[in-house]
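Okay, so here's the structure we're looking at.
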Amino acid sequence: MSIQTSAPVPVLELRGISKVFPGVQALSGVALNLYPGEVHTLMGQNGAGKSTLIKVLTGVYAPDQGQILLEGRAIQPASTLEAQNLGISTVYQEVNLCPNLSVAENIFIGRYPRKRGGIDWAGMQRQAVELLERMQIRIDVSLPLARYPLAIQQMVAISRALLVSAKVLILDEPTSSLDEKEVELLFSVLRGLREQGMAILFVTHFLDQTYAISDRITVMRNGEREGEYACSELSRFDLVNKMVGAPAAGIEVGESDGASAPAAAATVPLAAAPSKLTTFLRAVGLGRKGALSPMDIELRQGELLGLAGLLGSGRTEAARLLFGADKADSGSIVIDGKECSFASPRDAIAAGIGFCSEDRKHEGAVLELSVRENLILALQARTGILRAIPLKRQQQLAEEYVKALGIKTASIETPIGTLSGGNQQKVLLARWLATEPKMLILDEPTRGIDVRAKQEIMDYVTALCRKGMAILFISSELPEVLRVSDRIVVMRDRKAGGEYPRGALDESSVLQVIAAGDVHE
Ligand SMILES: Nc1ncnc2c1ncn2[C@@H]1O[C@H](COP(=O)(O)OP(=O)(O)OP(=O)(O)O)[C@@H](O)[C@H]1O
Ligand SMILES: [Mg+2]
């Protein structure tokens, strides 16, 4: 494989960038070279400094030290708009566009083309179509953005970047909410842009994606640049070791490139579920028109049930019905032998159910509250706002979970908004663990969490499960579902496509079930 680093001059060069936040040296002396026509991936554990580096170079933060050179000239962007005008555009994981405006309007917000004193609506639509065509996307640009899936919304954000003729395109974890097909679409767009000479800086925690798209990889560790490597010359195993800073014993890094050490692949000794299990919840014919075809599902104490399936296959819909977040219009739920009907999540919580939702934006972190306050929110809601949890107990709980989940924070009183994305996610997970529910629904709980922490967290959850919790685990990451689940229900087209015991399926047979409805058919 040839590596396109032939251009002698980097389009963007960072030299000795340092940034300190109160109590945290987020970046120290970081260097980075970005060349035209390359995809350069930034990797590192949660809190390593990736997002901070990007924010420095896009004008969100001023660096304390160091220099940014764009095509050899020093720049000091004071805002994202200024950076964008210089040719540095950024697309974040959470697309910051206006869902109610049309696709075309979203591309042109703030730069509407004008004609005879008014806005040139026709010209705008035409140009929007052209920009999207550059990425092989043909959609009706007059429809509201919200009508399209997240992947398309991200393409719209990228088109916006193309409009200002970006030289550098930065993507910070753009794929963490995309399904496999959508990732493929995004990658084909990125490959096209790379061919046109764009320099692309990409942040992800997915090793497969890194190896699918990168020309080079920069590894960050504890705010420092650990090193820069040609992707083709760095094995997965070495990559993980470099991120962690020590031999990453016990971390599965995938065998697909044959580069992982045998010791790493062989370490999956999860304790098996006890043979005799008590049913905690049984739902029969649970469904809701337009969301989920009636399905049966059973959750048992001490057992981890995995829900596999593509985005939109009905996994989250099933979870919401079980939690009373949506009202079922068919079926029944029986808990501990008693029939229940949940009018709201409050009823489900009272029945001992917890739900760590994938919807971080709406049900997630309260940014200005501290780690401790965020962490006890669900527990406090359960005990009732009138019966405040004593401060001592709150501190104890917070310290306990910060330690157990390896949350990187200056203290438990630090506002959660200043934590890195992955560390915020860990606090949200801890919020539900702290309620010690009898049954816990985890919907994509490790999104944005680095490769090592992901495995540690799922091992922790499995241990809790073995103590008697019933767990429903939803994840788009098949290897993870296969590794931790005692039983797997595969969802497709908003219905249950089959239920399988541990070991009955591998990745390809799950995909077969998703595609065809059952194995061997
Ligand atoms: N605004 C801020 N105020 C205080 N500390 C901050 C702020 N932003 C980031 N930090 C700290 O800087 C460090 C680096 O965070 P950063 O968000 O860059 O990590 P990251 O590599 O992007 O991690 P992740 O993979 O979890 O997204 C962390 O310790 C974080 O808590
Ligand atoms: Mg980040």
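Start at 1 with the first residue, then count along the sequence. Each ligand, and each atom within it, is numbered from 1 in the order the structure gives. The structure presented is a predicted model; accordingly, all values stated were derived computationally and were not measured.
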With atoms numbered from 1 as shown, which atoms in ligand 1 lie under 4.0 angstrom from a non-hydrogen atom of G422?
24 (P), 26 (O), 27 (O)

Ignoring hydrogens and angles, tell me if any N or O in the side chain of T418 forms a donor-acceptor pair with the backbone of P415 under 3.5 Å.
yes

Looking at R111 and R160, what are the two nearest heavy atoms and their distance?
NE-NH2, 4.4 Å

Do ligand 1 and F21 have nitrogen or oxygen atoms that lie under 3.5 Å from each other?
no

Is the count of non-hydrogen atoms from other residues, nucleotides or ligands lying under 6.0 Å from R147 atom CZ greater than 12?
no

Which heavy atom of the protein is the closest neighbour of atom 12 (O) of ligand 1, given with residue, atom name and distance?
A26 CB, 3.4 Å

Nearest to atom 14 (C) of ligand 1, what protein heavy atom do you find, and at what distance?
G47 O, 3.4 Å

What protein heavy atom lies closest to atom 1 (N) of ligand 1? Include the residue and the distance to one decimal.
Y61 OH, 3.1 Å

Non-hydrogen atom of L419 closer than 4.0 Å to ligand 1:
yes

Do ligand 1 and V24 have nitrogen or oxygen atoms that lie under 3.5 Å from each other?
no

Give the residue, atom name and distance (to 0.1 Å) of the protein heavy atom nearest atom 16 (P) of ligand 1.
T52 OG1, 3.5 Å

Does one side chain, of H40 or S214, offer a donor that lies under 3.5 Å from an acceptor on the other?
no

Calculate, to the nearest 0.5 Å, the distance between atoms OH and CE belonging to Y148 and M155 respectively.
13.5 Å

More than 12 non-hydrogen atoms from neighbouring residues, nucleotides or ligands closer than 6.0 Å to CD on Q67, yes or no?
yes

Minimum heavy-atom distance between K426 and I449, given as atom pair plus value
CG-CD1, 3.8 Å

Report yes or no: does R315 contribute a side-chain atom to a donor-acceptor pair with the main-chain N or O of G309 at less than 3.5 Å?
yes

Any N/O/S of S420 under 2.8 Å from the Mg ion (ligand 2)?
no

Given I158 and L169, is the side-chain contact (heavy atoms from CB on, under 4.5 Å) satisfied, shown in steps?
CA-CA 8 Å; I158 294 175; L169 180 64; 4.0 Å; yes

Could you check whether atom CD of Q196 has more than 12 heavy atoms from other residues, nucleotides or ligands sitting under 6.0 Å from it?
yes

Ligand 1 and P22, any nitrogen or oxygen pair closer than 3.5 angstrom?
no

Is H205 near ligand 1, meaning one of its heavy atoms is under 4.0 Å from it?
yes

What's the shortest distance from atom 11 (C) of ligand 1 to any protein heavy atom, and which residue and atom give it?
T418 O, 3.7 Å

Could you establish whether A48 and ligand 1 come within less than 4.0 Å of each other, counting only heavy atoms on the residue side?
yes

Determine whether any heavy atom of E173 lies closer than 4.0 Å to an atom of ligand 1.
yes

Could you find the nearest protein heavy atom to atom 17 (O) of ligand 1 and give me its residue, atom name and distance?
S420 CB, 3.4 Å

